[in-house]
Amino acid sequence: FLRELISNASDALDKIRLLSLTKTDALATGKDLEVRISADAEHGVLTILDTGIGMTKAHLVQHLGTIAKSGTSAFIDTVAKGGDMNLIGQFG
């Protein structure tokens with residue numbers, strides 16, 4: 001789960017980098033593109049913060065509750081149908 005959250009933060013940075021190719025003001029805030037991870041042991045909280053672009057409401061509605069697009073769902077379907085169980089290259 002933690003790996004997925006960090007991967008999502010990295011994707012948000014990629015998204016703003018891509019947007020900046022066509023919209024020169026996308027990086028106008030001057031913030032460094034980064035992912036920060038901090039822990040608050042006292043409260044049992046781990047915070048992952050990125051300076052990328054998040055999801056729009058439309059993206060949230062479309063993707064909320066779906067299995068990640070990492071290939072997991074396709075692999076499970078293949079195994080269930082008796083297909084190739086080779087794990088090499090199946091998961092990001």
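Along the sequence shown, residues are numbered consecutively beginning with 1. Predicted model, so just to flag it, every value in this text is computed and none were measured.
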### Task
For S10 and V35, work out which heavy atoms get closest and say how close.
N-CG2, 4.3 Å
### Task
Measure the spacing between CG of L27 and CZ of R17 and express it to the nearest 0.5 Å.
9.0 Å
## Note on the structure
Taken to the nearest 0.5 Å, the spacing of I6 CD1 from D50 CG works out to 11.5 Å
### Task
Give the cluster check for I37 versus L2: same hydrophobic cluster or not, with ILVMFWY residues linked at side-chain heavy-atom distances below 4.5 Å.
yes
### Query
Are L18 and I53 linked, directly or through other ILVMFWY residues, by side chains that come within less than 4.5 angstrom of each other?
no
### Query
Got a sec, which residues hit salt bridge (charged side-chain N to carboxylate O under 4.0 Å, His left out) with D11, two or more places apart in sequence or on another chain?
none
### Query
So do D32 and T51 actually touch side chain to side chain, heavy atoms under 4.5 Å?
no
### Message
Are L46 and L5 packed together at the side-chain level, in the sense that at least one heavy-atom pair is separated by less than 4.5 angstrom?
### Response
no
### Query
What closest approach, in Å, do A26 and I16 show between heavy atoms, and which atom pair accounts for it?
O-CD1, 3.5 Å
